[in-house]
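Comments concern the structure below.
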Amino acid sequence: GALVVDLAGLAKSLRAVPVPQKWLGSSVALLFDAGQLPSRGAALEAAAKAVGVFVFDWGRSELLSKEEFDLKSPPEQEDRTKFW
């Protein structure tokens, strides 16, 4: 449930980015708490608190605005398109 919703939200957000980005080495982590199972019949909200989706390790990545992308040379724009 909640993990899938988070992943779908991430995918939707990335598709809405107006220009290609160059993300190298960035990672997506799927988090779940394995320490304790929720009680049978526990509210879905309680189980949803134990999961998450995180993007991390931006060291070689960039997030460009449309204006920044438009200032890149054609080869640089092609490079971002390739890695997006």
Side-chain angles (χ1 to χ4, degrees):
L3 193 59
V4 173
V5 170
D6 286 351
L7 279 172
L10 176 61
K12 182 178 178 182
S13 296
L14 293 176
R15 287 192 175 124
V17 174
V19 293
Q21 306 295 321
K22 188 171 183 178
W23 290 2
L24 294 175
S26 298
S27 301
V28 176
L30 305 178
L31 172 75
F32 64 96
D33 185 356
Q36 181 177 346
L37 290 172
S39 309
R40 186 177 293 275
L44 181 58
E45 293 80 20
K49 289 180 183 177
V51 298
V53 177
F54 299 91
V55 180
F56 62 97
D57 194 7
W58 295 88
R60 296 182 297 152
S61 301
E62 62 187 15
L63 184 59
L64 297 176
S65 67
K66 179 163 180 10
E67 295 78 16
E68 292 170 318
F69 181 78
D70 290 344
L71 292 174
K72 299 286 184 189
S73 68
E76 289 175 313
Q77 290 181 1
E78 289 174 23
D79 183 58
R80 272 103 187 129
T81 300
K82 175 182 177 182
F83 285 101
W84 187 237

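Values below: every heavy atom of this structure, side chains too, minus hydrogens, waters and symmetry copies. Every value quoted in this text rests on a predicted model; they were computed, and no experiment measured them.
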### Message
Less than 4.5 Å apart, side chain to side chain, heavy atoms only: is that true for Leu30 and Val53?
### Response
yes
#### Entry: Path from Leu10 to Val17 over hydrophobic side-chain contacts below 4.5 Å
yes
### Task
Under 4.5 Å between side-chain heavy atoms, chaining through other members, with only Ile, Leu, Val, Met, Phe, Trp and Tyr counted: pull out the rest of the cluster around Phe83, sorted by chain and number.
Leu24
### Message
Quick check: is Leu14 connected to Leu63 through a chain of hydrophobic side chains (ILVMFWY, heavy atoms under 4.5 Å apart)?
### Response
yes
#### Entry: Pairwise distance OG1(Thr81) to CD(Gln21) - rounded to 0.5 angstrom
10.0 Å
### Summary
The reported gap from NZ in Lys66 to CG in Leu71 (rounded to nearest 0.5 angstrom) is 10.0 Å
### Any Lys72 side-chain heavy atom under 4.5 Å of Leu64 side chain
yes
### Task
Given side chain to side chain contact (heavy atoms under 4.5 Å, CB included), test Trp84 with Val19 step by step and report yes or no.
CA-CA 9 Å; Trp84 187 237; Val19 293; over 6 Å; no
### Message
So, taking the atom named OG in Ser73 and the one named CG in Asp79, what distance separates them when rounded to the nearest 0.5 Å?
### Response
9.0 Å
### Query
Looking only at atom types and distance, does a side-chain atom of Trp23 sit under 3.5 Å from a main-chain N or O of Glu62, one as donor and one as acceptor?
yes
### Leu31 reachable from Leu7 in the ILVMFWY side-chain graph, under 4.5 Å edges
no
